[in-house]
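All of these numbers come straight from a predicted model, not from anything done at the bench. Each residue takes its place number in the sequence, starting with 1. In listed order, ligands and their atoms are each counted from 1.
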Amino acid sequence: MINVTRTYLPDTDEYMRILKRAWDKRWITNNGELLQELEEKLKAYLGLQHLLFCGNGTIVLQMALKALGKTGDVITTPFSYVATTNAIVWEQFRPVFVDIHPDDYNIDASKIENAITKDTVAILVTHVYGNPCDIERIEEIAKRHDLVIIYDGAHGFGVKYHGKGLLSYGDMATCSFHATKLFHTVEGGSITVNKASLQEKIYLFRQFGHIYDDYFSEGINGKNSEFHAAMGLAILPHMQEIISARREISERYDRGLSGLSISRPIPRAGTEPNYSYYPVLFESEEILLKTAEALRSKQISGRRYFYPSLNELPFLKEKYKCPVSEDISRRVFCLPLFPGLESAAIDVICTTIHETHNKS
Ligand SMILES: *Cc1c(COP(=O)(O)O)cnc(C)c1O
């Protein structure tokens with residue numbers, strides 16, 4: 001079976017060689033040497049001044065929201081992974097969904113201002129598929145209304161925007177290092193705090209709010225272990241080859257799918273992409289379902305990423321209408337994309353998509 005992604009695994013000897021350092025010291029978690037080294041290397045690689053390596057890509061969203069020090073309304077996108085909305089709801093904020101733009105499936109910045117009220121405290125939006133949001137416009141709106149910007153940068157690893165690391169934008173930006181993501185540490189995530197006044201707060205949150213016997217604030221377990229950091233240290237040196245392999249696969253898809261009536265999110269100008277996903281937007285949900293079925297019969301699975309539109313989550317109390325997101329989420333499909341995906345498989349996928357289009 002070919003899945004939408006395949007976890008990248010480093011050489012076991014390489015992993016063990018790194019892990020042995022923690023073993024020898026008998027120090028396997030709590031701000032260990034490997035974790036600190038990973039943080040330094042990630043900052044250098046991602047072009048960031050600040051980064052904390054944490055337990056996962058959800059706890060960092062929760063800590064970012066908690067750092068606001070009050071609850072309220074959070075403007076957010078309906079087109080993301082469910083963790084974005086869950087973090088808001090879990091932390092007792094009210095998600096206010098603003099529809100996305102049909103060009104890039106990111107929040108439509110021109111619709112944000114209409115949704116702001118006296119209760120709005122923050123904007124929490126996702127750089128979907130690693131494609132930057134309309135950062136300039138969002139910054140300008142946030143400044144005018146005194147709102148905190150949190151970017152869910154779970155897909156944004158290694159993306160550069162106007163020559164700078166994507167996660168350096170916003171007051172806070174998170175990333176996920178889950179095994180299914182571009183770069184991973186099995187489970188893991190990071191938070192970059194670009195607002196200096198919040199850096200210490202988040203640092204304390206990560207470790208239950210205390211340093212040894214001094215208890216400064218409430219906190220949670222946002223930490224991560226030396227085992228996870230070792231995985232990151234073993235994979236990080238391979239990122240260049242991982243990203244170029246992904247670029248080659250994406251380009252083969254581009255060629256194989258040309259001439260079809262499918263569209264793709266438009267990359268924002270000034271972006272150096274990371275090729276983390278290969279989404280295609282079919283003309284209808286019917287064609288998507290037919291294509292998914294035809295691929296499945298050939299032992300290939302893609303993923304309806306993201307479906308449903310988050311404003312339609314059944315457990316949310318308030319109903320929002322986000323017609324663009326609802327429409328796109330029904331028609332968008334992510335194709336398999338990972339280093340090692342063979343050209344022959346890519347060609348089968350493209351041929352299958354051509355066939356289901358010709359039949360419909
Ligand atoms: C994967 C993902 C998350 C959650 O990350 P975890 O590390 O799995 O907790 C959050 N937001 C988005 C957009 C994601 O894709």
Side-chain angles (χ1 to χ4, degrees), residues 3-8 38 42 51-66 74-91 93 95 97-98 100 104-107 122-133 149-159 166-167 169-170 172-192 205-206 220-225 227-229 231-232 235 265 273-279 302-311 313 325 328-329 332-334 337-338:
N3 281 313
V4 68
T5 188
R6 187 179 71 173
T7 296
Y8 181 90
L38 180 64
L42 284 173
L51 176 142
L52 295 175
F53 178 49
C54 299
N56 57 67
T58 305
I59 194 81
V60 283
L61 291 171
Q62 293 175 243
M63 292 196 298
L65 287 163
K66 198 76 172 184
V74 174
I75 305 256
T76 191
T77 176
F79 193 75
S80 180
Y81 182 56
V82 68
T84 316
T85 303
N86 274 343
I88 296 171
V89 175
W90 198 267
E91 291 301 331
F93 290 80
F97 292 98
V98 169
I100 58 171
D104 61 9
Y105 318 172
N106 279 324
I107 195 165
I123 299 172
L124 166 47
V125 285
T126 305
H127 300 300
V128 177
Y129 309 129
N131 195 16
C133 293
I149 304 172
I150 304 166
Y151 285 117
D152 181 341
H155 308 165
F157 190 92
V159 172
L166 181 57
L167 305 175
Y169 293 89
M172 292 177 270
T174 65
C175 196
S176 166
F177 305 149
H178 183 256
T180 54
K181 301 297 207 277
L182 177 69
F183 164 82
H184 82 93
T185 58
V186 188
E187 292 277 355
S190 70
I191 183 162
T192 293
F205 279 177
R206 183 174 65 165
I220 197 160
N221 185 352
K223 294 181 281 96
N224 211 333
S225 81
F227 285 65
H228 296 82
M231 183 62 92
I235 294 177
N274 63 2
Y275 305 94
S276 47
Y277 298 89
Y278 197 94
R303 181 100 196 266
R304 299 189 73 178
Y305 207 44
F306 300 100
Y307 175 84
S309 183
L310 297 172
N311 58 300
L313 286 170
S325 175
I328 286 176
S329 66
V332 73
F333 194 65
C334 284
L337 176 58
F338 50 84

Give me each pair satisfying salt bridge (Lys or Arg N to Asp or Glu O under 4.0 Å) with a member in residues 82-91, each pair once, sequence neighbours excluded.
Lys66-Glu91
Dump the pairs for me: ligand 1 N or O, protein N or O, distance under 3.5 Å, to 0.1 Å.
| from | atom 1 | to | atom 2 | distance (Å) |
| --- | --- | --- | --- | --- |
| ligand 1 | 5 (O) | Ser176 | OG | 3.2 |
| ligand 1 | 7 (O) | Gly57 | N | 2.7 |
| ligand 1 | 7 (O) | Ser176 | OG | 2.7 |
| ligand 1 | 9 (O) | Gly57 | N | 3.3 |
| ligand 1 | 9 (O) | Thr58 | N | 3.1 |
| ligand 1 | 9 (O) | Thr58 | OG1 | 2.6 |
| ligand 1 | 11 (N) | Asp152 | OD1 | 3.4 |
| ligand 1 | 11 (N) | Asp152 | OD2 | 2.7 |
| ligand 1 | 15 (O) | His155 | NE2 | 2.8 |
| ligand 1 | 15 (O) | Lys181 | NZ | 3.3 |

Phe183 vs Leu42 side-chain heavy atoms within contact, under 4.5 Å:
yes
Residue pair Ser309 / Ser329, side-chain donor-acceptor N/O under 3.5 Å:
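Checked: Ser309/Ser329 side chains show no N/O donor-acceptor pair below 3.5 Å.
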Of Leu124, Val98, Ile149, which is the lone residue that meets side chain to side chain contact (heavy atoms under 4.5 Å, CB included) with Ile75?
Val98
By ring pair (Phe, Tyr, Trp, His ring centres under 6.0 Å), which residues pair with Tyr105, not counting sequence neighbours?
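Once residues adjacent in sequence are excluded, the partners of Tyr105 under the ring pair (Phe, Tyr, Trp, His ring centres under 6.0 Å) criterion are Phe79.
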Tyr151: ring pair (Phe, Tyr, Trp, His ring centres under 6.0 Å) partners, not counting sequence neighbours:
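Ring pair (Phe, Tyr, Trp, His ring centres under 6.0 Å) check on Tyr151 returns His127.
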